[in-house]
Amino acid sequence: MIKVTLDDGQAIEVEKGTSVGQVLSEGLSKKQRKRLILAKVNGDLKDLGYKLEADSSVSPVFLGDEEALEVLRHSAAHLMAQAVKALYPDVQVAIGPAIEQGFYYDFNTPEPFSPEDLSKIEKKMKELSKKAIPIERMEMDIDEAISLFKQKDEPYKVELLEELKDQGEEKVSLYRQGDFVDLCRGPHLPDTGKISAFKLLNVAGAFWKGDENREMLQRIYGTAFFDKKKLREHLDRLEEARRRDHRKIGKELELFSIEESIGPGLILWHPKGALVRKIMEDFWRDEHLKRGYSLLFTPHIAKRELWKRSGHLDFYSENMYAPMQIDDVEYQIKPMNCPFHIAIYNSRKRSYRELPLRWCELGTVYRYERTGTLHGLMRVRGFTQDDAHVFCMPEQLDSEIIEILDMTLYMLQVFGFQKYDIYLSTRPEKYVGSDEHWELATNALRRALESKGLHYEIDPGEGVFYGPKIDIKIKDCLDRSWQCSTIQVDFNLPERFDMTYTGEDGQKHAPIMVHRALLGSLERFFGVLIEHYAGAFPIWLSPVQARVMTITDRQNQWAREVFETLRANGIRADMDLRNEKLGKKVREAQLEKIPFMLVLGDQEVADRTVSPRTRRGETMEAMSVEQFVELLKRQAQEEKMGGVTSPENSKQG
RNA sequence: GCCGGCAUAGCUCAGCUGGUAGAGCAGCUGAUUCGUAAUCAGCAGGUCGCCGGUUCAAGUCCGGCUGCCGGCUCCA
């Protein structure tokens, strides 16, 4: 007999080998029993069929429990594979895990799946789900499993099993549902009937094991939830994401474009987008000057020799554009700004008294990115980094990194981002510099994060070739994350370029270099901003803050006066004096997401006032132009400072 | 780069099984002078992404290229 402690603290004695499902079912109503899907044994999720062999604490997991969502999705992946095998027996299965938003399964098929196939597969899944086929776990000797999958002609499973065998595994677990058997660690739901709210989303190619030298498989993505309502909500969210796509909004609001005649991944900033960029840049520069940075400007090309010395030709050449010959010397377009900043540092002797040197530049770089990876503003070939390099002494490193972290979080907050994930990336396989240096740099970053009390995750092996880094991935309002900010410590370039400063001791020392970008690139950050706000930028960023609109052409004279006053007060305004109905003018301004519309009729002309309307549809009492200017400026400032009052929420009339 | 899909007017899209292109919006002209999400009428606008092939005939079928979309891989 063994002792089993239940959820309520009560301990009972059961026969050794009793299944946990049996233990938990005791005392449950029939209805509850139907909803029992998994068990937690000593904190780990297990199948209900799991046999208790020793004293343990157990608790039930019911249909709908958040912690079982991953299991549900994993089981849904198996259900999909079962359906695919039922419809297309010759298809070979690879792997099928649960992922953050759902699940996928990779298949090898001579004929790629079409969208029609997806609905067929989905239909089959529903059929199999209705049958509530039991999902059973089996343990098997690894050699036996290998011959089983060989016999089933499932080479990918065989490959996985052989790897497991090499790692010393002797037994593996398989899951069977009907005639479908899959190699799997589990756990799984007790039967296919528990998988009811799911949807297959799309097919895409994916390399076997993520290796582009291996064969391309067909991956089907899907998602699953415990109930139809949650599924509906998720699908609505995907729809919302599509609605907010920066590429769509960028075209609608005339912010930017990418033209085939110019080239892929090359951005044209149209007047409205360029204005937003100017506002971003002004804020960025002012903030840097306030924090002791100096501004730099550097060229777009440099001699090939420079890139050789910096190591970029060794570690980055596949991302660099081909050299061009000028006066018998080869030049290359810059993929990074660092060597230029270093050249400025090295233009004369440096003293420890000058350090830290904080140099920033909105530096435009060009990187060759493979065509398939380009994506609107998010992944481009020419972009402007909000770059900076801090040169400091070792004892200044901690405080400099803390300072940078502070600044990053402040800037992100001003732009409206409060949620982000932080990663500390450690040494990659391909690297330069001594182990000692790597450790020192990694520790400095870690200490900075910890002293700020920030929660972070380690991203092993994801550092740059010259040093470890902190990456901050910001989350937009749909919780999608985008990597923007990056802080990288570098002991390598100072060495390569013989950078030195004279210390207090009169001796030469190598400075430490920190690379950092807060927004990442103006292009990507702009893309994120567009999606985050769905094009309705906060007032301080809006390219047009107010539009003056008339009801008839009797108001044109007053409209021009109002417009001039707004402009004189530094407000970005325009006018709509067209011979159109007010409703149409309002509608268009609304679609352009202009924060304020100033309606002018005969009454306003007589009183020398304006009647503001917000993009949220609230109309305000008529007020003088001066009052409106005051109102707009106050609200713009409140929004910029992250205040809760936004004009859309105010109730002034 | 790889797998799959797509490419028709400035934009969003129709165009069945091949018989030399259509709508709405935008634009232009005119009428209308109107109070918070679309006034009416008229006009104009396209070598159907590019190159080649099949055919009496190609937007439609086939091949190549370019670009875009969904992923893989990679990254700011």
Side-chain angles (χ1 to χ4, degrees), chain A residues 104 106 108-109 111-115 117 201-221 242 245 247-248 251-252 254 257-265 316 318-319 335-336 363 365 367-381 383-387 462 464 469 471-473 482-486 488 515-525 527-528 549-556 578-592 597-604 611-615 617-620 622:
Chain A
Y104 68 78
D106 286 347
N108 185 30
T109 160
E111 281 292 305
F113 298 113
S114 66
D117 291 332
L201 297 170
N202 53 334
V203 211
F207 299 108
W208 168 234
K209 292 193 170 165
D211 180 347
E212 61 183 350
N213 298 314
R214 299 296 299 268
E215 56 270 42
M216 173 78 56
L217 304 173
Q218 295 294 312
R219 175 172 298 177
I220 302 181
Y221 284 94
R242 272 189 284 277
D245 192 316
R247 294 167 299 191
K248 184 170 179 286
K251 190 182 277 176
E252 286 166 0
E254 293 189 82
S257 70
I258 302 167
E259 305 290 334
E260 192 172 343
S261 60
I262 308 284
Y316 209 72
E318 71 269 25
N319 283 300
M336 292 184 187
V365 298
R367 300 181 184 174
Y368 171 74
E369 302 289 355
R370 306 205 285 185
T371 51
T373 66
L374 301 174
H375 181 92
L377 291 174
M378 301 302 191
R379 191 79 190 282
V380 297
R381 284 180 171 170
F383 57 101
T384 301
Q385 292 184 298
D386 67 314
D387 209 354
E462 289 302 310
V464 198
K469 61 175 181 173
D471 282 331
I472 300 181
K473 299 190 181 181
W482 302 96
Q483 192 195 321
C484 292
S485 319
T486 182
Q488 311 175 350
H515 310 248
R516 45 113 281 201
L518 306 183
L519 310 179
S521 77
L522 295 178
E523 286 74 9
R524 177 177 289 180
F525 197 75
V528 174
M549 50 182 71
T550 50
I551 291 170
T552 73
D553 49 22
R554 289 191 300 277
Q555 294 89 40
N556 285 4
R578 290 175 307 165
N579 175 11
E580 294 288 355
K581 288 188 164 179
L582 182 62
K584 176 156 184 166
K585 297 185 182 186
V586 167
R587 175 182 152 82
E588 288 184 7
Q590 193 73 48
L591 292 173
E592 287 177 57
M597 298 159 221
L598 299 180
V599 176
L600 271 49
D602 288 338
Q603 195 57 52
E604 284 77 11
S611 290
R613 175 195 205 276
T614 70
R615 58 186 163 195
E618 290 116 351
T619 52
M620 300 181 187

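- As rounded to whole Å, 17 Å separates atom C1' of B:U12 from atom CZ of A:R242.
- Side-chain atoms of A:D386 come within 3.5 Å of backbone atoms of A:L519 as a donor-acceptor pair (strictly under, hydrogens ignored).
- In this structure, A:K248 places its NZ atom 17 Å from C1' of B:G70, rounding to the nearest Å.
- Remark: of the listed residues A:R242, A:R247, A:K248, A:R247 is the sole one forming a side chain to side chain donor-acceptor pair (under 3.5 Å) with A:D245.
- Without hydrogens or angle criteria, A:R381 side chain to A:E369 main chain gives a donor-acceptor distance under 3.5 Å.
- Using Watson-Crick or G-U wobble geometry with both donor-acceptor distances under 3.5 Å, B:A7 finds its partner in B:U66.
- Mapping A:D245 and A:K469 onto RNA chain B via the closest heavy atom, the residue that lands nearer the 5' end is A:D245.
- Nucleotides B:A9 and B:G24 have their C1' atoms positioned 12 Å apart, rounded to a whole Å.
- For B:G22, the paired base is B:C13 (Watson-Crick or G-U wobble, both distances below 3.5 Å).
- At a threshold of 4.0 angstrom between heavy atoms, the contacts of A:N319 with the nucleic acid are absent.
- Nucleotide B:A37: unpaired (no Watson-Crick or G-U wobble partner with both distances less than 3.5 Å).
- Side-chain atoms of A:K585 do not come within 3.5 Å of backbone N or O of A:M597 as any donor-acceptor pair.
- Between the A:R379 side chain and the A:L374 main chain, no donor and acceptor come within less than 3.5 Å of each other.
- Going from atom CZ of A:R578 over to atom C1' of B:G30 covers 17 Å, rounded to whole Å.
- Using the Watson-Crick or G-U wobble rule with both distances under 3.5 Å, B:C2 pairs with B:G71.
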Between the protein and nucleotides 36-40 of chain B, are there any N/O to N/O pairs under 3.5 Å, and if so, what are the atom names and distances?
unit_1, atom_1, unit_2, atom_2, d
B:U36, O2', A:R613, NE, 3.4
B:U36, O2, A:R613, NE, 2.9
B:A37, OP2, A:R613, NH2, 3.1
B:A37, O4', A:R587, N, 3.4
B:A38, N9, A:R587, NE, 3.4
B:A38, N7, A:R587, NE, 3.2
B:A38, N7, A:R587, NH1, 3.0
B:A38, N7, A:R587, NH2, 3.4
B:A38, N6, A:R587, NH2, 2.4
B:A38, N1, A:R587, NH2, 3.0

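- Both geometric conditions, a ring-centre gap below 5.5 Å and a plane tilt below 30°, are not fulfilled together for A:Y221 over the base of B:G71.
- Here A:V380 lies in heavy-atom contact (under 4.0 Å) with a base.
- Between the P atoms of B:G46 and B:C50, the separation comes to 14 Å (whole Å).
- In this structure, the side chain of A:T550 does not engage the main chain of A:D553 through any donor-acceptor pair within 3.5 Å.
- Base engagement by A:D553 is indicated by at least one non-hydrogen atom pair under 4.0 Å involving a base atom.
- Counting atom types as modelled, A:R524 pairs a side-chain N or O with a base atom of B:C75 as donor and acceptor under 3.5 Å.
- As a whole-Å value, the separation of A:N202 CG from B:C6 C1' is 15 Å.
- Contact annotation: A:K251 side-chain N/O to B:U12 OP1/OP2 distance is under 4.0 Å.
- A:D211 places its CG atom 14 Å from the C1' atom of B:C74, with the value rounded to the nearest Å.
- Side-chain contact of A:S261 with A:E259: a donor-acceptor pair under 3.5 Å is absent, judged by distance alone.
- For B:A26 and B:A44, the C1' atoms lie 13 Å apart once the distance is rounded to whole Å.
- Using atom P as the reference point in both B:C48 and B:G22, the two lie 14 Å apart (nearest Å).
- For the pair A:D471 and A:K473, the salt-bridge criterion is not met [side-chain N within less than 4.0 Å of a carboxylate O].
- In this structure, A:E318 places its CD atom where more than 12 heavy-atom neighbours from other residues, nucleotides or ligands lie under 6.0 Å away.
- Heavy atoms of A:G210 sit under 4.0 angstrom from primed sugar atoms or phosphate atoms, though from no base atom.
- A salt bridge is absent between A:K209 and A:D211: the closest approach of a Lys/Arg side-chain nitrogen to an acidic carboxylate oxygen does not fall below 4.0 angstrom.
- Under a 3.5 Å cut-off, the side chain of A:R219 and the backbone N or O of A:A204 do not form any donor-acceptor pair.
- Other residues, nucleotides and ligands contribute more than 12 heavy atoms inside 6.0 Å of the CD atom of A:E215.
- Mapping A:Q488 and A:E260 onto RNA chain B by nearest heavy atom places A:E260 closer to the 5' end of the strand.
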Set out, line by line, the N/O atom pairs under 3.5 Å between protein and nucleotides 1-5 of chain B.
unit_1, atom_1, unit_2, atom_2, d
B:G1, OP2, A:T371, OG1, 2.9
B:G1, N7, A:G372, N, 3.3
B:C3, O2', A:Q218, NE2, 2.8
B:C3, O2, A:G205, N, 3.2

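- Rounded to an integer number of Å, the gap from CD of A:Q555 to C1' of B:C34 is 10 Å.
- One finds no side-chain N or O of A:H375 lying less than 4.0 angstrom from the OP1 or OP2 phosphate oxygen of B:C74.
- Distance noted for atom C1' between B:C6 and B:C65: 16 Å (whole Å).
- Here, B:U60 and B:C2 have their P atoms 25 Å apart, quoted to the whole Å.
- With P as the reference atom, B:G59 and B:G18 are 13 Å apart, rounded to whole Å.
- Rounded to whole Å, the C1' atom of B:A58 lies 44 Å from the corresponding atom of B:A31.
- Between the CG atom of A:L374 and the P atom of B:G67 there is a distance of 9 Å, given to the nearest Å.
- OP1 or OP2 of B:C68 has not a single side-chain nitrogen or oxygen of A:R379 nearer than 4.0 Å.
- Distance, A:R219 CZ to B:U73 C1': 11 Å, rounded to whole Å.
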